Colleague: 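One structure, as structure tokens, below. Some questions next.
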Amino acid sequence: MTGRILVAGASMAGLRAAEQLRAAGWTGALTLVGDEPHMPYNRPPLSKEVLAGQAPFASLAFRPRASVRDAQWLLGRTAVAARLAERTVVLDDGSALAYDGLVVATGMRPRRLTCPGPRAGRHTVRTLDDARGLREALTRPGARVVVVGAGFIGCEVAATAVGLGAGEVTVVDPLPLPMIGPLGELLGRALLRRHEERGVRFALGTGVAGFTGEDRVTGVELSDGRVLPADVVVESVGSVANTEWLDGNGLDLTDGVRTDELLRAGGRPEVVAVGDVARFPNARYDGVPRRVEHWSIPGDTARHAARALVAHLHGTRDEPAPFAPLPTFWSDQHDFRLQSFGAPALGRDDVRVLDGDPDGDVLVGYHTGDRLVGVVALGGQAAAMGAARYRNQLLKQPALTA
């Protein structure tokens, strides 16, 4: 097959897309464009093992499969515009790349606070370079650390900072409990207790009004009037989809790239979206398009989208069934792990303890009616194995929108 598939985005999702395109039978040219100078690497360790100095930066790099050795990698380059009707993408140097098929894999970037105050001393954790800068700041003796945001990354960074011996570590969040959004109140309270027992402080139910300091941050002003002294601030307040380059093409870019059940964007069979930039319906649940920022999603979406795209370019009807992945995530914090299968956020109104106790190792089930839609384990290895036992049960359930 001649022609070219252009993959916009050269992180994990882009790499998996290229590999799956080859597996689906694409033998034509493959070009990947990525804004970082690095080859694809694993991001989850950035806020944990790498930040703690337990894993070298070099250990993060993925080893591409032999099938994509002939791919063209344009690194340190950014897609700035697309003309989908003309099947062309414009890069930041003004050059234009034509394609037969397009994979949107441009991912997310950290949302930044817009409060007044200096920028120096304020960090995010998304890229390899982010982690390098933050590690240097956290290893200064007695560093006072304020983490804004009590989600996954915020809680992981707080745990890592305590382990590195930071002078004070405080997590700020306008919600009443850490990770209450995805996990609900029961596990939110259990997490709060565990973090506090290990030395993390919390300022919950309040936001950030501004930052003090001249050239760099010296404090964080809270909306309730308090001021927290800070040498290091980590902003973990969500993500923004990298979709601006797709403006003007009639796509739904409300929250990422909305796709159909085959990961096709805007009714264009030659354009698919993969990874956490894709907002797709999941036939396993209610079919409502959602973005999912879990480690398993780049591989799942790449496999499904590649089959659909190659089928279209080959002119065949060998399309996959509607997409129905089982989301999976884990999060290591201090000496315990969160392990999840399914979609707990869809069942937060009916949370049941399946095994154990919230004060120790616990396995929790999330339900919609009588249907189990997600399980989360909190604790040690035994708890995580307990969650894994429910994985097959969740997989065997018939899709709700089948």
Side-chain angles (χ1 to χ4, degrees), residues 9 12-13 16-17 20 24 44 103-108 151-152 179 181-184 238-239 241 243 251-269 271-309 311-312 319-331 338-351 364-376 387-388 390-402:
M12 179 183 180
R16 296 294 179 246
Q20 290 300 323
V103 180
V104 178
T106 41
M108 315 296 293
F152 290 101
M179 297 180 66
L183 300 181
S239 302
T243 58
L251 302 180
D252 181 348
L253 306 176
T254 306
D255 178 23
V257 179
R258 179 170 179 171
T259 75
D260 63 11
E261 70 279 2
L262 297 181
L263 284 307
R264 300 174 300 198
R268 292 182 172 275
V271 180
V272 296
V274 301
D276 48 17
V277 75
R279 179 162 54 97
F280 58 86
N282 189 335
R284 184 174 300 281
Y285 304 111
D286 52 13
V288 175
R290 297 183 179 90
R291 286 193 311 100
V292 182
E293 296 184 46
H294 293 339
W295 190 86
S296 62
I297 291 300
D300 290 341
T301 53
R303 186 178 307 109
H304 200 78
R307 289 179 58 192
L309 179 56
H312 167 70
E319 295 180 344
F323 197 37
L326 183 71
T328 301
F329 74 77
W330 72 92
S331 178
L338 280 162
Q339 176 72 64
S340 172
F341 297 96
L346 299 183
R348 285 176 301 175
D349 293 336
D350 187 356
V351 181
V364 175
Y366 296 76
H367 301 77
T368 297
D370 292 330
R371 182 185 177 92
L372 181 69
V373 294
V375 294
V376 179
Y390 280 86
R391 180 176 181 272
N392 287 339
Q393 177 181 334
L394 291 167
L395 283 171
K396 290 177 180 178
Q397 292 181 142
L400 284 180
T401 59

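If you read the sequence from its start, that first residue is 1, and numbering goes on from there. In this text, all values refer to a predicted model and were calculated from it rather than measured experimentally.
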Colleague: Can you name the nearest heavy-atom pair linking D260 to P281, along with the distance?
Modeller: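 Shortest heavy-atom separation between D260 and P281 comes out as O-CD, 3.6 Å.
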Colleague: Does any N or O in the side chain of Q339 come within less than 3.5 Å of the main-chain N or O of F329, such that one atom is a donor and the other an acceptor?
Modeller: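 Yes, the answer is positive, given that a donor and an acceptor are paired below the 3.5 Å cut-off.
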Colleague: When you look at T243 and V277, which way does the side-chain contact (heavy atoms from CB on, under 4.5 Å) test go after all the steps?
Modeller: CA-CA 8 Å; T243 58; V277 75; 3.7 Å; yes
Colleague: Okay, side chain of R348, backbone of A345: is any donor-acceptor separation there less than 3.5 Å?
Modeller: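 Yes, because the side chain of R348 sits within donor-acceptor range (under 3.5 Å) of the backbone of A345.
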Colleague: Nearest 0.5 angstrom please: L262 CG to H312 NE2, how far?
Modeller: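 Spacing of CG (L262) from NE2 (H312) equals 12.0 Å.
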Colleague: Say you draw a straight line from CZ of F152 to CG of L338; how long is it, rounded to the nearest 0.5 Å?
Modeller: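 Taking CZ in F152 and CG in L338, the distance rounds to 7.0 Å.
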Colleague: Measure the OG1-CZ distance between T301 and F323 for me, rounded to the nearest 0.5 Å.
Modeller: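 Atom-to-atom, T301:OG1 and F323:CZ are 5.5 Å apart.
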Colleague: Which atom names give the shortest non-hydrogen contact between V292 and P327, and what distance separates them?
Modeller: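 Smallest interatomic distance, heavy atoms only, reads CG1-CB, 4.3 Å.
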Colleague: Verify, without hydrogens or angle tests, whether H304 (side chain) and A324 (backbone) share a donor-acceptor contact under 3.5 angstrom.
Modeller: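 Side chain of H304 to backbone of A324, a donor-acceptor pair under 3.5 Å: no, none is there.
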Colleague: Run the side-chain contact (heavy atoms from CB on, under 4.5 Å) test on L346 and Y366 for me, step by step, so that the C-alpha distance in whole Å, both residues' side-chain angles and the decisive distance to 0.1 Å come before the verdict.
Modeller: CA-CA 8 Å; L346 299 183; Y366 296 76; over 6 Å; no
Colleague: Quick one: does any side-chain atom of N282 pair with a main-chain N or O of P325 as donor and acceptor, under 3.5 Å?
Modeller: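 A pair under 3.5 Å: yes.
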Colleague: What's the spacing between H367 NE2 and D349 CG if we round to 0.5 Å?
Modeller: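 H367 NE2 to D349 CG: 13.0 Å, rounded to 0.5 Å.
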Colleague: Rounded to the nearest 0.5 Å, how far apart are CZ of R371 and OH of Y285?
Modeller: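 Going from CZ on R371 over to OH on Y285, the span is 7.5 Å.
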Colleague: With sequence neighbours left out, write down each residue that passes side chain to side chain contact (heavy atoms under 4.5 Å, CB included) with A273, or none if nothing qualifies.
Modeller: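 For A273 the side chain to side chain contact (heavy atoms under 4.5 Å, CB included) partners, ignoring immediate neighbours, are V104, V257, T259, A278.
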Colleague: For N392, what residues pass the side-chain hydrogen bond (donor to acceptor under 3.5 Å, both in side chains) criterion, not counting sequence neighbours?
Modeller: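 Applying side-chain hydrogen bond (donor to acceptor under 3.5 Å, both in side chains) to N392 gives none.
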Colleague: Looking at V274 and A105, what are the two nearest heavy atoms and their distance?
Modeller: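 V274 and A105 have their closest heavy atoms at CG2-CB, 3.6 Å.
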Colleague: Are the charged groups of R16 and D300 less than 4.0 angstrom apart, N to O?
Modeller: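 Salt bridge between R16 and D300, a charged N being under 4.0 Å from a carboxylate O: no.
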Colleague: If you count every heavy atom of other residues, nucleotides or ligands that lies below 6.0 Å from R391 atom CZ, does the total exceed 12?
Modeller: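 Counting neighbours around CZ of R391, 12 or fewer heavy atoms of other residues, nucleotides or ligands fall under 6.0 Å, so no.
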Colleague: With distance as the sole test, does R284 use its side chain to make a donor-acceptor pair with the main-chain N or O of L394 at under 3.5 Å?
Modeller: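 It does hold such a pair.
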Colleague: Run Q393 and V375 through side-chain contact (heavy atoms from CB on, under 4.5 Å) and show every step you take.
Modeller: CA-CA 11 Å; Q393 177 181 334; V375 294; over 6 Å; no
Colleague: What's the separation between atom OG1 in T328 and atom CD1 in I297, rounded to the nearest 0.5 Å?
Modeller: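 It comes to 8.0 Å.
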Colleague: Which pair of heavy atoms, one from G266 and one from L251, lies closest together, and at what distance?
Modeller: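 The answer is CA-CD2, 3.6 Å.
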Colleague: Would a 4.5 Å heavy-atom cut-off, applied to side chains only, mark V103 and L309 as touching?
Modeller: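 Sidechains of L309 and V103: in contact.
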Colleague: Could you give me the CA-CA distance, side-chain angles and deciding distance for R290 and V288, then say whether side-chain contact (heavy atoms from CB on, under 4.5 Å) is met?
Modeller: CA-CA 6 Å; R290 297 183 179 90; V288 175; 3.8 Å; yes
Colleague: What are the two closest heavy atoms between L372 and Q397, and how far apart are they?
Modeller: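 Heavy-atom minimum between the residues: O-NE2, 3.0 Å.
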Colleague: Not counting sequence neighbours, which residues clear salt bridge (Lys or Arg N to Asp or Glu O under 4.0 Å) with R291? List them please.
Modeller: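 Salt bridge (Lys or Arg N to Asp or Glu O under 4.0 Å) list for R291, sorted by chain: D255, E293.
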